[in-house]
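Counting convention: from 1, in listed order, for ligands and their atoms alike.
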Amino acid sequence: MELSRPISRPCIAAAFVLACLSTPAAPLQALDNGLARTPPMGWNSWNHFRCNGVNEAVVRAAADAMVASGMRDAGYRYVVLDDCWQAPARDADGRLQADPRRFPSGIEALADYVHARGLRFGLYAVPGSETCAMHWDRYPARGIGSFGHEAIDAATFAGWGVDYLKYDWCRADETEGLARPEAFAKMRDLLAATGRPIVYGISEYGHTRPWTWAAPIANLWRTTEDIRPTWESLMKIIDRQAALSPYSAPGAWNDPDMLQVGNRGLAENESRAHFSLWALLNAPLMAGNDLAGMDEATRRILTNREVIAVDQDWGGRQGERLRDDGEREVWAKPMSGGGVAVVLLNRGDAAADIAVGRAELGLPAAARCKARDLWHGRTRRLAATLRRRVAARDVAMLRIACSGAASSQSHRFRNDEVTDR
Ligand code: GLA
């Protein structure tokens, strides 16, 4: 497979290095279904409503709130119903059915409701016979996994109007003896055979380094265990993303899991840092809070268009950690127009000064550069060093754009040295 080749060389100084712009990146063999050319954006029921809290009223309210809050206009599209939508058993024809108590109108009607608001609808399924909630939450059901029913399930989803499938491993190796790439590829092919465009997200929690094999199979793959609404969980997850920048491309994204922005357990500053880092990583932005009940601070974070624009921009690679000084870190990613997006992260419990020099960001000394603060909306001239005081457990996020003096300076990111592909 092509996956043994590096995806791209850094174009972080692209505005100044024409050769960088004209050298095509080595192709990552991404799933060729024409979907998720930018990281998918939407909402998923799991992080807030979990298993027993989800029902059709909750999903409808999320769709309504996605519109009313301005999230749809900011780019959010997919309303994804996670685990626990299923009736305890399949029907007489072997078809999945919705739980009649919590989804009395059925899944097709729910998809229609979402579509009528200019949004798209997503659903959860598993390749084995047990969903994760059956195992971990004792969800009472039998045989509602897709094992042995893959074709009928793909057809059912397409018939209902599903636009996004989250296909979640849930121990299918232990329960059915399945192998991950084969089982995930089987559903990829069956979804394609339906003829309906369906974004395909897979999840095996990063256990077998899916970034090394999943790009031709899925539009996104989870890289870690489940996210929790704590600072420790966020930091643990980003530490695992730091080395993954060579492994994503349009149509094939690393997924550090759904957002916890606005969920109980995270303070506003922590949510802001979370959103900024996910954007810098070109992560799917799937809100995981109660959209209908969110406060204004949460809404403002989720709809910050300048931060979203960083997430949706592909400058040749996802962001990566340039510097790790203990609690002070510098993350950066190249922007397609030749600029750089930067996150100065303070992991600690006291305010700290964080600085990074132009050279480290791949910016030529002679160019005139401006740094726009994406959370405070201020633009300032960039001096030789970018320096900000960053509050505890918070970030400064900046977008740097330059003009003038071209230079042949070429910056190498740390992950250029990755060879274990
Ligand atoms: C796993 C996934 C979660 C969620 C639950 C549902 O834990 O990682 O995101 O889908 O299953 O049971």
N/O separation below 3.5 Å, [X] to ligand 1:
X: Met258; value: no
X: Asp257; value: no
X: Asp226; value: yes
X: Lys166; value: yes

Parallel, tilted or perpendicular: rings of [Y] and [X] (30°, 60°):
X: Tyr167; Y: Tyr200; result: tilted
X: Trp169; Y: Phe184; result: tilted
X: Trp85; Y: Trp160; result: perpendicular

Within the 4.0 Å heavy-atom cut-off, what Tyr205 brings close to ligand 1 is side chain
For [atom], the protein heavy atom that lies nearest, with its residue and separation:
atom: atom 4 (C) of ligand 1; value: Asp82 OD1, 3.4 Å
atom: atom 12 (O) of ligand 1; value: Asp83 OD2, 2.8 Å
atom: atom 5 (C) of ligand 1; value: Trp46 CE2, 3.6 Å

Quick one: which of Ile227, Asp168, Val126 has a heavy atom closest to atom 2 (C) of ligand 1? Asp168
Does NZ or CZ of Arg101 lie under 6.0 Å from the centre of the six-membered ring of Phe103, at an angle within 45° of the ring axis? no
Is the charged tip of Arg222 near the ring of Tyr205: under 6.0 Å from the six-membered ring centre and within 45° of its axis? no
Okay, side chain of Arg77, backbone of Arg72: is any donor-acceptor separation there less than 3.5 Å? yes
If only side-chain N and O atoms count, and only distance matters, is there a donor-acceptor pair under 3.5 Å linking Ser336 with Asp313? yes
Contact atoms of ligand 1, heavy-atom distance to [X] under 4.0 Å:
X: Ala133; result: 12 (O)
X: Arg222; result: 2 (C), 8 (O), 9 (O)
X: Tyr124; result: 6 (C), 10 (O), 11 (O), 12 (O)

As a quick check of understanding, evaluate side-chain hydrogen bond (donor to acceptor under 3.5 Å, both in side chains) for Ser233 and Arg228, giving each step before the final call. CA-CA 6 Å; Ser233 173; Arg228 286 175 292 109; 4.7 Å; no
Quick one: does Tyr139 get a heavy atom under 4.0 Å from ligand 1? no
Determine, using ring centers only, whether Trp253 and Trp211 are less than 6.0 Å apart. no
